[in-house]
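Notes for the one structure printed next.
Residue numbers begin at 1 in each chain, while the letters A, B, ... track the order of the sequences.
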2 protein chains.
Amino acid sequence: MQVDVDTKPASPFRTRAEKAQEREQKRDAVLTAAVRMFNARGFHATSLDDVAASLGISKPTIYHYLGNKEQVLIECVTRGLEPLRIAAEQAQSEGGRGIDRLRRFLIAYARTNMDDFGRCMVRTGDELLSPASAAEIRARKSEIDKTLRALIADGIADGTIAPVDVKMSAFAIAGALNWPARWHDPSGPSGPQDIAVALVDTLIGGLAPRPPV
Amino acid sequence: MQVDVDTKPASPFRTRAEKAQEREQKRDAVLTAAVRMFNARGFHATSLDDVAASLGISKPTIYHYLGNKEQVLIECVTRGLEPLRIAAEQAQSEGGRGIDRLRRFLIAYARTNMDDFGRCMVRTGDELLSPASAAEIRARKSEIDKTLRALIADGIADGTIAPVDVKMSAFAIAGALNWPARWHDPSGPSGPQDIAVALVDTLIGGLAPRPPV
DNA sequence: TAAGCAATATACTCATCAGTAGATTTACGG
DNA sequence: CCGTAAATCTACTGATGAGTATATTGCTTA
């Protein structure tokens with residue numbers, strides 16, 4: 001336990017902490033392999049045998065680490081949701097003009113929707129989950145939505161956002177920023193950051209021309 | 001063949017046309033039942049036995065009318081796409097300011113994305129289809145997207161739309177207007193028309209305040 | 001009136017896949 | 001050094017569901 005995990009080279013004798021970390025890494029590897037296949041082929045079209053094979057392990061090993069197939073999905077969705085939760089928390093704690101706080105939040109939101117777990121999170125609808133888990137996930141997504149609406153309302157209050165319909169604007173924004181989960185190609189020319197900025201600026205600026213100030 | 005189908009009361013002897021129509025109606029009934037279940041439970045979680053049972057018929061009858069399960073889905077998606085194709089055609093043939101043509105098109109687009117077939121169309125990703133059908137559907141969706149981009153470009157050209165990034169704006173719009181396919185509740189308080197108008201106006205106006213003219 | 005076709009059913013087959021049983025190996029703690 | 005727990009495997013079970021074989025009935029047409 002006095003060993004410095006980060007510097008010591010591999011020894012055949014692992015400490016408790018190292019073992020816990022190794023276990024965590026294996027769980028991660030399973031989830032990463034799974035989420036890629038879910039995104040590429042869909043949840044139902046992906047068998048855990050396939051996931052296991054892609055890692056050179058056997059299906060019971062996945063059950064050992066994650067319990068069952070739904071748990072694998074829930075864990076992926078949770079990981080996709082986590083950065084949003086953090087971004088929401090941060091947006092609510094910081095100061096500044098409403099529009100600026102919203103903009104920062106939206107760019108983070110859009111970006112994470114383009115990574116593996118974010119894409120899975122967006123694409124996982126209630127119908128893939130048991131009623132209990134669906135409710136759980138829905139509640140967490142709803143927290144994000146609440147933050148989004150609060151940020152819009154704040155901006156309206158301080159005059160940095162036009163007096164729009166908060167609920168509908170939130171839906172429009174969410175839709176626009178979730179959509180890349182379907183179409184974004186990580187091997188394509190534009191990176192997540194550029195896309196995020198472009199989408200957010202489109203939403204903020206609108207299509208109608210603005211008279212020059 | 002000389003019988004007026006619309007006025008004559010039912011007779012046990014059907015003309016050829018009546019029979020063709022009856023067949024069409026049965027096909028419709030199958031598709032409608034199927035699309036509702038696809039939307040409610042997802043494609044993979046819906047068995048054709050379930051669909052058949054909900055109509056009080058047997059599975060081979062569905063195969064008689066539609067060939068196989070993928071064909072059922074393709075037909076549903078096609079029906080969801082058709083109104084969009086028509087709206088696109090119309091938008092391109094009509095005159096007027098770019099922004100107005102775009103606005104009309106977008107409202108039609110948003111509305112059809114909230115009906116049964118439209119929702120199915122939006123929610124059916126490539127992963128549910130065979131490569132050949134996926135390509136076919138993708139091509140048709142891409143036609144709609146081309147129209148959308150053309151309308152935006154037209155509006156920019158005639159000065160009724162700000163000089164935005166056409167491709168990104170199209171993605172933002174599509175995302176915002178597809179999203180109701182996931183969340184819209186037909187039994188809820190707001191109807192498709194109201195939602196469509198609200199979303200489109202949000203996209204056109206943007207979030208940033210406009211100086212009073 | 002026989003042949004053929006449309007519409008429908010029952011009762012299968014066959015593949016896939018989630019999940020489990022149980023064996024085996026290794027490492028660790030007492 | 002033995003017993004326990006973790007990690008992993010092979011080899012199942014059992015359910016589900018797509019798709020088919022085949023029979024039946026009745027209408028249409030030569």
Round to the nearest Å and state the distance from [X] atom [atom1] to [N] atom [atom2].
X       : N      : atom1 : atom2 : answer
A:Glu22 : C:dA27 : CD    : C1'   : 12 Å
B:Phe38 : D:dG17 : CZ    : P     : 13 Å
B:Lys69 : C:dT16 : NZ    : C1'   : 13 Å
B:Leu66 : C:dT8  : CG    : C1'   : 15 Å
B:Glu24 : C:dA7  : CD    : P     : 11 Å
B:Ile62 : D:dG17 : CD1   : C1'   : 13 Å
A:Asn68 : C:dT20 : CG    : P     : 8 Å
B:Leu55 : C:dA9  : CG    : C1'   : 15 Å

Nearest non-hydrogen partners of [X] and [Y], listed with the distance:
X        : Y        : answer
B:Val72  : B:Ala34  : CG1-CB, 3.6 Å
A:Ala174 : A:Tyr109 : CB-OH, 3.8 Å
B:Met114 : B:Pro180 : CG-CB, 3.8 Å

*Taking the side chain as C-beta and beyond, is there a heavy-atom pair between A:Glu94 and A:Arg104 under 4.5 Å?*
yes

*asked:* We want to know whether B:Asp49 and B:Ser47 form a side-chain donor-acceptor pair, criterion being a heavy-atom distance below 3.5 angstrom.
replied: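 Short answer, no.
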
*asked:* Check the orientation of A:Trp183 and B:Phe171. Use parallel for under 30°, tilted for 30 to 60°, and perpendicular for over 60°.
replied: parallel

*asked:* When you measure from the centre of the six-membered ring of A:Phe43, is the NZ or CZ of A:Lys69 closer than 6.0 Å and no more than 45° off the axis?
replied: yes

*Stepwise, does the side-chain contact (heavy atoms from CB on, under 4.5 Å) test hold for A:Arg103 with A:Ile204?*
CA-CA 8 Å; A:Arg103 187 166 189 278; A:Ile204 290 175; 3.9 Å; yes

*How long is the span from the CG atom in B:Leu203 to the CG atom in B:Leu177, to the nearest 0.5 Å?*
5.5 Å

*For nucleotides 5-12 of chain D, read 5' to 3', which letter fits each nucleotide if B means a protein heavy atom sits under 4.0 Å from the base, S means only the sugar-phosphate is that close, and - means neither?*
--BBBB--

*Mind listing the residues from residues 45-54 of chain A sitting with a heavy atom below 4.0 Å of DNA chain C? Number order is fine.*
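Hits under 4.0 Å, by residue number: A:Thr46, A:Ser47, A:Leu48.
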
